[in-house]
Undergrad: 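After the structure tokens below, expect a handful of questions from me.
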Amino acid sequence: MGEKMVKYGIIGVGMMGREHLCNLYHLRGEGVAVVCVADPNLASQQISTEFAESFGWPLKVFSGHKELLESGLCDVLVVSTPNMTHYEILMDILNHPKSHHVLVEKPLCTTVQDCRQVIEAAKKRPDMLVQVGLEYRYMPPVAKLMEIVNGGRLGNIRMVSIREHRFPFLVKVDNWNRFNCNSGGTMVEKCCHFFDLMRLFVGANPVRVMASGAIDVNHKDEVYDGKVPDIIDNAYVIVEFDNGARGMLDLCMFAEGSKNEQEISVVGEIGKGEAFVPENLLRYGVRVEGREGVRTMRVEDDRIKYDGLHHGSSYLEHLNFLATVKTQGKKTVAVDLHDGLIAVAIGVAAQLSIELGRFVSIKEVMT
């Protein structure tokens, strides 16, 4: 007998929801089908339906997530709605009688309080797997650098420096991402990815955060319902960890003239490694060999069948999550709710540090 089809539903089919739809189509050989979507926006409904029809996937379309839940059509849910809606939707999923496994887009929620309530609700549903979509972990050069770090080739990690120099925020449905009250702020919305990576590389938990940032170039001439966007477009952030390691983020969102969007540097006591995206290059060397001993390699992952918006990382994220779902509870998710909470907490601390002009402790935002 053939393997049972895993039926997916996507809640929120704007830009990111359609990205998930495309990734899942390329996983059809793994026994995947998207059978339904939910979104109140008519344009998003129409575009996603056209996408699915081109794939040969007939979709049942709902205007809201509650109707989708009641339909009982799917086994796995992807939540890719605007950030400020995650809390309500996740709580409805976790409190629903039918069990659904869930992949929720980052950030988990926009506040620490909401994240913690979701975690408490999830504890009552051991029948559900919930993974947070921090897919930058799966970018091939980043994953390879993580492998080198975990293999001890750089020694104990003392410093992590991440530079993201990129284009401004994209236009989203109803321009929801132009305002901190909807997104959680740039440090939560965008930078939770990098705070998650810092924590992974140093193998420790954050203690305090110092940040400096502003809205200097982008969106200043935009007005929505009489309001000017308040999302910052550049910042420096320092994160201190409980093992004495430090992380630094250099963010600029008006830097289209960059060869790489992300440059990640990890320095240990005996060596240094660097990952470059989208060049997909990795460099690493050890102190005793000096500059002459630095190795450079191109890193690719042959499993990727669709690059998409995130250089294949979303495809690998789905591949990994699907494999976990198929174990029927025998494996835990790779990126759990606690990971999502800590990434949000660092972002909230950074936002608060920019506002107050001082170090902010993680304990302060957690309590």
Side-chain angles (χ1 to χ4, degrees), residues 3-13 16-17 19-21 23-38 65-66 68-81 83 85-109 114-138 143 146 192-193 196 199-200 303 310 313-344:
E3 193 174 28
K4 179 178 178 288
M5 180 70 68
V6 181
K7 298 177 181 179
Y8 278 71
I10 302 177
I11 301 175
V13 281
M16 203 54 220
E19 171 76 355
H20 285 296
L21 179 61
N23 275 282
L24 289 167
Y25 170 72
H26 285 86
L27 279 164
R28 64 195 183 282
E30 303 292 330
V32 162
V34 177
V35 298
C36 56
V37 299
H65 69 279
K66 291 182 179 179
L68 186 151
L69 289 173
E70 290 299 322
S71 74
L73 289 174
C74 53
D75 313 300
V76 181
L77 297 172
V78 178
V79 178
S80 46
T81 56
N83 299 358
T85 67
H86 288 187
Y87 171 74
E88 178 186 350
I89 291 171
L90 288 171
M91 293 299 282
D92 286 344
I93 293 170
L94 291 166
N95 289 321
H96 195 271
K98 177 175 167 53
S99 176
H100 297 87
H101 301 308
V102 185
L103 175 66
V104 56
E105 262 301 327
K106 60 79 194 165
L108 172 56
C109 297
D114 285 352
C115 290
R116 294 179 80 158
Q117 290 192 39
V118 167
I119 290 173
E120 289 305 309
K123 289 177 181 177
K124 301 173 184 177
R125 296 304 300 262
D127 53 324
M128 294 189 188
L129 296 171
V130 185
Q131 177 161 320
V132 182
L134 292 164
E135 75 277 357
Y136 280 35
R137 295 182 177 205
Y138 295 100
M146 189 69 65
C192 59
H193 279 304
D196 177 62
R199 179 167 162 259
L200 281 180
R303 295 175 299 169
H310 299 104
S313 61
S314 292
Y315 179 87
L316 295 173
E317 173 185 54
H318 275 293
L319 188 65
N320 174 281
F321 184 57
L322 177 63
T324 305
V325 167
K326 287 182 175 180
T327 67
Q328 299 182 348
K330 294 177 183 177
K331 288 186 179 180
T332 58
V333 296
V335 190
D336 64 21
L337 291 173
H338 181 72
D339 295 322
L341 165 66
I342 300 302
V344 168

Undergrad: Can you tell me which residue pairs pass the salt bridge (charged side-chain N to carboxylate O under 4.0 Å, His left out) test with a partner in residues 321-335, sequence neighbours excluded?
TA: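 Found E3-K326.
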Undergrad: Locate the shortest heavy-atom distance separating D114 from C109; write the atom from each residue and the value.
TA: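 Closest approach of D114 to C109: CB-CB, 3.7 Å.
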Undergrad: Using distance only, find each side-chain donor-acceptor pair of residues 26-36 under 3.5 Å and give its atom names and separation, not counting sequence neighbours.
TA:
from	atom 1	to	atom 2	distance (Å)
H26	ND1	C22	O	2.9
R28	NH1	Y25	O	2.9

Undergrad: For the residue pair L73 and K7, what are the closest heavy atoms and their distance?
TA: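 Shortest heavy-atom separation between L73 and K7 comes out as O-CD, 3.5 Å.
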Undergrad: Can any side-chain N or O of H100 pair as donor or acceptor with the backbone N or O of M128 at less than 3.5 Å?
TA: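 Such a contact is absent between H100 side chain and M128 backbone.
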Undergrad: Nearest 0.5 Å, what's the CD1-CD distance between I10 and E19?
TA: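 It is 10.5 Å, given to the nearest 0.5 Å.
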Undergrad: A side-chain contact here means heavy atoms from C-beta on lying under 4.5 Å apart; do M16 and S314 qualify?
TA: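 A side-chain contact exists here, since the closest heavy-atom pair is under 4.5 Å.
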Undergrad: Could you tell me whether D75 and K4 make a salt bridge, using a distance below 4.0 angstrom between a side-chain N and a carboxylate O?
TA: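 So D75 pairs with K4 through a salt bridge.
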Undergrad: Parallel under 30°, tilted from 30 to 60°, perpendicular over 60°: which one fits the rings of Y136 and H193?
TA: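 Y136 vs H193 ring planes: parallel.
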Undergrad: Between L103 and E317, is there a side-chain heavy-atom distance shorter than 4.5 Å?
TA: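 SC-SC contact between E317 and L103 confirmed.
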Undergrad: Looking only at heavy atoms, what is the nearest atom pair of S313 and Y138, with distance?
TA: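 For S313 and Y138, the tightest heavy-atom pair comes out as O-CB, 3.7 Å.
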Undergrad: Verify the distance criterion only: is there a donor paired with an acceptor across the side chains of E70 and H96 at less than 3.5 Å?
TA: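 Note: E70 and H96 side chains meet the donor-acceptor criterion.
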